[in-house]
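The structure appears below as structure tokens.
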Amino acid sequence: MNIRKPSELEMERILELSPQAIFEGTLGEVKPTIEKAKQLVEPLLKKDSYYLISIENNKLMGWILIGGSKDQFSNRTIGFIYELFVLDEYRGKGISKQLINTAVEQLKQEGYSEIRLSVFEGNKAIKLYENLGFETRTISMSMHI
């Protein structure tokens, strides 16, 4: 398995699959079109965020979208994991862990001293994040009215 930045063709494939990644990441609450997924991602890519992909035998297995962000309270710059996705057929093989570890190393090399991510309550990935050292920092709550 190789983890690296994607080619243009691989970027197109990621954007095609992004609606599925968003749908699963939001536990089915959001089902965006490809256009909406692009609207969410393109501003991040313009601000120096980027994808790292996991690939083997020219097959895209998954990706992580990383970059910088600002803490809304302290205005401090932090590293951020915006998206993590592994295709169904490659799940359970440690790909998410390898993508996160590579992303953490990359963001550390870029000078970030803290990395954050957001995850929906009930997402199975929470256990992975906790096992890798992420801790709950804030809790977002909602009420349907």
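Under the 4.5 Å side-chain heavy-atom criterion for grouping Ile, Leu, Val, Met, Phe, Trp and Tyr, Phe120 is not connected to Phe23 through any hydrophobic cluster. Grouping the Ile, Leu, Val, Met, Phe, Trp and Tyr side chains by contacts below 4.5 angstrom, directly or via other members, places Leu60 apart from Ile34. Taken together through direct or relayed side-chain contacts under 4.5 Å among Ile, Leu, Val, Met, Phe, Trp and Tyr, Leu132 and Val119 form part of one hydrophobic cluster. Both Leu15 and Leu45 are assigned to one and the same hydrophobic cluster, defined by single-linkage of ILVMFWY side chains at heavy-atom distances under 4.5 Å. In the hydrophobic cluster analysis, where Ile, Leu, Val, Met, Phe, Trp and Tyr join through side-chain heavy atoms closer than 4.5 angstrom, Tyr90 is grouped together with Met1.
Here the CD1-OG distance, from Ile95 to Ser54, works out to 4.5 Å after rounding to the nearest 0.5 Å. One finds the OG atom of Ser18 at 12.0 Å from the CD atom of Glu35 (value rounded to the nearest 0.5 Å). Distance check, rounded to the nearest 0.5 Å: CG of Leu65 to CD1 of Ile81 gives 10.0 Å. The line from CD1 of Ile3 to CG of Leu99 is 4.5 Å long, rounded to the nearest 0.5 Å. Rounding to the nearest 0.5 Å places CD1 of Ile64 at 12.0 Å from CD of Gln98.
No more than 12 heavy-atom neighbours from other residues, nucleotides or ligands sit within 6.0 angstrom of CG on Asn57. Heavy atoms of other residues, nucleotides or ligands lying less than 6.0 angstrom from CD of Glu89 number more than 12. The 12-atom threshold is not exceeded at NZ of Lys31, counting heavy atoms of other residues, nucleotides or ligands nearer than 6.0 Å.
Closest approach of Pro43 and Lys38 over heavy atoms only: CD-O, 4.3 Å. Of all heavy-atom pairs spanning Ser118 and Phe80, the tightest one is OG-CZ, 3.8 Å. The two atoms that bring Pro32 and Pro19 nearest to each other are O-CB, 3.2 Å, heavy atoms only. Closest non-hydrogen pair, Gly67 versus Leu107, comes out as O-CD2, 3.9 Å. Residues Glu121 and Leu27 come closest through the heavy atom pair O-CD1, 3.0 Å. The heavy-atom pair separating Leu128 from Ser96 by the smallest distance is CD2-CB, 3.5 Å.
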Given Ile14 and Leu17, is the side chain to side chain contact (heavy atoms under 4.5 Å, CB included) satisfied, shown in steps? CA-CA 5 Å; Ile14 290 168; Leu17 293 168; over 6 Å; no
Before giving the answer on salt bridge (Lys or Arg N to Asp or Glu O under 4.0 Å), spell out for Arg116 and Glu114 the whole-Å C-alpha distance, their side-chain angles and the decisive distance to 0.1 Å. CA-CA 7 Å; Arg116 297 184 191 167; Glu114 182 180 355; 2.8 Å; yes
Stepwise salt bridge (Lys or Arg N to Asp or Glu O under 4.0 Å) test for Arg4 and Glu10: CA-CA 11 Å; Arg4 60 170 171 75; Glu10 291 160 339; 2.7 Å; yes
For a side chain to side chain contact (heavy atoms under 4.5 Å, CB included) check, start with the C-alpha distance between Ile115 and Ile78, then their side-chain angles and the critical distance, and finish with the verdict. CA-CA 6 Å; Ile115 300 169; Ile78 56 170; over 6 Å; no
Test log, rule salt bridge (Lys or Arg N to Asp or Glu O under 4.0 Å), inputs Glu16 and Arg13: CA-CA 5 Å; Glu16 285 173 12; Arg13 181 77 175 124; 3.5 Å; yes
Take Thr77 and Ser69 through the side chain to side chain contact (heavy atoms under 4.5 Å, CB included) test and state the conclusion after the steps. CA-CA 6 Å; Thr77 303; Ser69 185; over 6 Å; no
Run the side chain to side chain contact (heavy atoms under 4.5 Å, CB included) test on Leu84 and Tyr129 for me, step by step, so that the C-alpha distance in whole Å, both residues' side-chain angles and the decisive distance to 0.1 Å come before the verdict. CA-CA 11 Å; Leu84 172 67; Tyr129 300 141; 3.6 Å; yes
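At least one donor-acceptor pair under 3.5 Å links the side chain of Asn131 to the backbone N or O of Lys127. Judged purely by atom type and a 3.5 angstrom limit, Asp71 uses its side chain to pair as donor or acceptor with the backbone of Ser74. Between the Gln39 side chain and the Lys36 main chain, no donor and acceptor come within less than 3.5 Å of each other. Using modelled atom types, one side-chain atom of Thr26 and one backbone atom of Ile22 make a donor-acceptor pair closer than 3.5 Å.
Side chains of Tyr82 and Ile66 form no contact here, defined as non-hydrogen atoms less than 4.5 Å apart. Taking the side chain as every heavy atom from C-beta outward, Met61 and Leu87 never approach each other to under 4.5 Å.
A cation-pi arrangement is present between Lys5 and Tyr50 under the rule of less than 6.0 angstrom and at most 45 degrees off the ring axis.
Relative ring orientation between Trp63 and Phe85 is described as tilted, the plane-to-plane angle lying within the 30° to 60° band.
Applying the side-chain hydrogen bond (donor to acceptor under 3.5 Å, both in side chains) rule to Arg91 yields the partners Glu24, Asp88; only residues at least two apart in sequence or on another chain are considered.
With no hydrogens or angles considered, no side-chain donor-acceptor pair links Thr102 and Glu105 at under 3.5 Å.
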